[in-house]
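One is the number of the first residue; the rest follow in order along the sequence.
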Amino acid sequence: MSAQNFIQSFLKRKGAYVLFSSFAIKLLAFLLTLYVIRVIPKDEFGYIVYAVTIIAFILPFHGFGVHQGLLRYGSISESQQLKKYYFNLIIKRGIFYSAIMIAVICLLSPLLSSNLEQSLIYIIVLSFQLISLLLIESIRIYTRLINLNKGFAITGIYNSLILLLSAMLATYFWGGKGYVAALVLAPFFYSAYLIKRFNLLQYNRKLKPQHSIREFLSYGFYSSLGGVLSQLLYAVDILLIGNLIQDAEQLAQYKTSNIIPFSLHILPVAIMTTDFVKLAKNAQSNRTFIKDYYLNYLKVMLFICIGIIIVFYFFSHDILHIFGKQYTEDNNLMLIFSIGTVGALLLRIPLGNMLSAIGWPRVNAFFSLIVLLINVFAGYYFVLHYGVLGAAYTTVFLMWFSGILSLFALVKFLK
């Protein structure tokens with residue numbers, strides 16, 4: 001497979017829809033963030049960032065990760081009815097497990113917000129995303145299982161549009177509290193509409209599943225554990241800055257500087273989202289396909305990464321102006337984050353998804369644990385001595401390091 005064939009195959013599987021959807025979702029999220037940054041006070045935005053960060057690294061574990069099993073075992077199942085059966089199975093279990101997690105978060109919220117007490121209410125409200133996002137993600141996973149990548153793309157765009165409009169209105173009338181409430185309620189109501197429209201609750205209850213709920217939970221647990229630990233790479237720095245520096249404005253500046261570089265992660269995510277099912281089907285029977293796939297992915301992505309570095313090297317300070325004058329203090333943070341983004345695009349994101357597709361979620365979780373431990377201890381030292389720049393350098397180094405670990409794992413799988 002050549003790089004040209006790689007692109008053609010991607011487009012044939014409606015990958016262009018997924019890519020456009022990913023860009024649109026990120027753009028709409030960016031517009032919403034830009035609006036919120038300009039409407040609410042800077043210190044309040046810092047409290048929301050802190051709360052969002054705490055919930056963000058828990059979110060991959062919502063429903064104890066049972067929805068991850070839907071993607072893996074639904075991909076290798078040939079029966080369309082069985083895919084629907086699996087969908088209903090994980091919705092019931094996932095909501096129950098998510099409710100338990102919400103209760104625990106609410107109980108721990110005073111402790112989690114002890115150094116930034118004003119963030120407590122935001123943590124409690126945002127915890128209910130564990131249910132609303134479980135619903136919308138499960139529905140979108142189901143569209144991928146039945147080879148409706150176009151449907152996957154469209155539902156994502158509509159969900160983001162609804163969120164943008166509702167959150168802007170809520171923020172205008174009720175400030176930061178309205179914003180976080182919209183983050184929870186918009187996907188919940190849209191999911192309820194989709195479930196009814198697609199008649200997803202009607203299925204053959206007499207089917208005998210090929211995989212037990214224990215297999216779903218095991219795969220989902222390790223996938224979600226890896227996701228949680230991996231997400232901590234983007235959360236530990238925020239938490240350390242919030243607790244060691246305890247300056248909401250520096251926290252807001254740090255977060256603002258990485259919004260655009262990290263938004264470029266949608267490129268590999270869109271590609272892996274489109275091709276995950278295909279990778280899972282070929283993992284055991286055609287390992288040469290896996291190798292060729294990644295090599296051709298690199299050929300395409302390398303040119304994009306060179307362009308990213310050039311743009312942020314020359315224009316990062318100018319780009320920050322779009323967030324307003326209060327965020328123009330650059331300190332090269334945006335350029336630093338762009339270097340980390342290159343590591344994520346070439347190694348970390350594609351290889352992490354490929355390890356999940358071949359059925360190695362435990363390896364992902366193990367690598368993420370190693371990275372987390374390094375992140376906590378190294379991050380503590382560098383934030384304490386070098387402030388937000390120390391946090392940025394630590395994050396960027398670990399984005400490359402975790403990708404290299406995943407590369408070694410893929411090589412071992414291919415051998």
Side-chain angles (χ1 to χ4, degrees), residues 21-22 24-26 28-29 32-33 36 48-49 51-71 87-109 112 119-144 151-171 173-174 176-198 200-201 220 223-224 227-228 231 235 269 273:
S21 170
S22 300
I25 290 171
K26 281 293 183 181
L28 293 172
L32 177 58
T33 302
V36 171
I48 294 175
V49 167
V52 167
T53 302
I54 290 176
I55 300 302
F57 73 79
I58 300 174
L59 276 177
F61 210 61
H62 58 331
F64 289 178
V66 69
H67 66 292
Q68 301 284 355
L70 173 64
L71 180 57
F87 170 82
N88 282 271
L89 177 67
I90 63 100
I91 285 295
K92 293 176 183 177
R93 296 297 184 99
I95 291 177
F96 175 71
Y97 298 143
S98 293
I100 295 175
M101 295 181 66
I102 291 171
V104 173
I105 293 171
C106 290
L107 289 174
L108 295 178
S109 58
L112 295 172
S119 64
L120 184 144
I121 184 63
Y122 301 119
I123 294 173
I124 293 175
V125 173
L126 288 170
S127 69
F128 286 88
Q129 280 188 309
L130 270 67
I131 290 179
S132 60
L133 293 184
L134 169 73
L135 293 173
I136 190 64
E137 287 179 15
S138 299
I139 294 170
R140 299 187 72 213
I141 286 174
Y142 179 77
T143 61
R144 292 165 63 186
F152 172 82
I154 291 174
T155 54
I157 293 174
Y158 282 157
N159 180 60
S160 295
L161 277 172
I162 293 170
L163 177 60
L164 174 66
L165 296 175
S166 59
M168 288 179 69
L169 287 172
T171 304
F173 287 107
W174 299 291
K177 294 181 178 61
Y179 169 63
V180 296
L183 293 179
V184 174
L185 295 176
F188 177 82
F189 287 117
Y190 183 53
S191 297
Y193 164 76
L194 290 176
I195 289 174
K196 182 177 181 181
R197 180 183 176 185
F198 296 148
L200 293 177
L201 299 183
S223 294
S224 296
V228 170
Q231 191 63 39
V269 169
T273 297

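Taking the side chain as every heavy atom from C-beta outward, Lys177 and Val125 never approach each other to under 4.5 Å. Contact annotation: the side chain of Leu135 approaches that of Ile95 to within less than 4.5 Å [non-hydrogen atoms, C-beta and beyond]. Taking the side chain as every heavy atom from C-beta outward, Ile55 and Ser127 approach each other to under 4.5 Å. In this structure, the side chains of Leu163 and Tyr190 stay at 4.5 Å or more apart for every pair of heavy atoms. Side-chain contact between Ser166 and Leu185: absent, with no pair of heavy atoms (C-beta onward) separated by less than 4.5 Å. The side-chain heavy atoms of Leu194 and Asn159, taken from C-beta on, include no pair separated by under 4.5 Å. For the pair Phe87 and Ile139, the minimum side-chain heavy-atom distance is below 4.5 Å. Residues Leu126 and Leu183 form a side-chain contact, since some pair of their non-hydrogen atoms from C-beta on lies under 4.5 Å apart.
In this structure, Arg144 contributes its side chain and Thr273 its backbone to a donor-acceptor pair below 3.5 Å. Within the 3.5 Å criterion, the main-chain N or O of Ala51 finds no donor-acceptor partner in the side chain of Ser119.
Distance check, rounded to the nearest 0.5 Å: CD1 of Ile58 to OG of Ser98 gives 11.5 Å. Within the model, atoms CG of Leu161 and CD1 of Ile25 stand 9.5 Å from one another, a figure rounded to the nearest 0.5 Å. The CZ atom of Phe152 sits 10.5 Å away from atom CD1 of Ile157, with the distance rounded to the nearest 0.5 Å. Distance check: Ile136 CD1 to Ile131 CD1 gives 14.5 Å after rounding to the nearest 0.5 Å. To the nearest 0.5 Å, atom CZ of residue Arg140 and atom CD1 of residue Ile154 are 11.0 Å apart. A distance of 6.5 Å separates CG in Leu200 from OH in Tyr142, rounded to the nearest 0.5 Å.
Heavy-atom neighbours of Phe198 CZ from other residues, nucleotides or ligands within 6.0 Å: above the threshold of 12.
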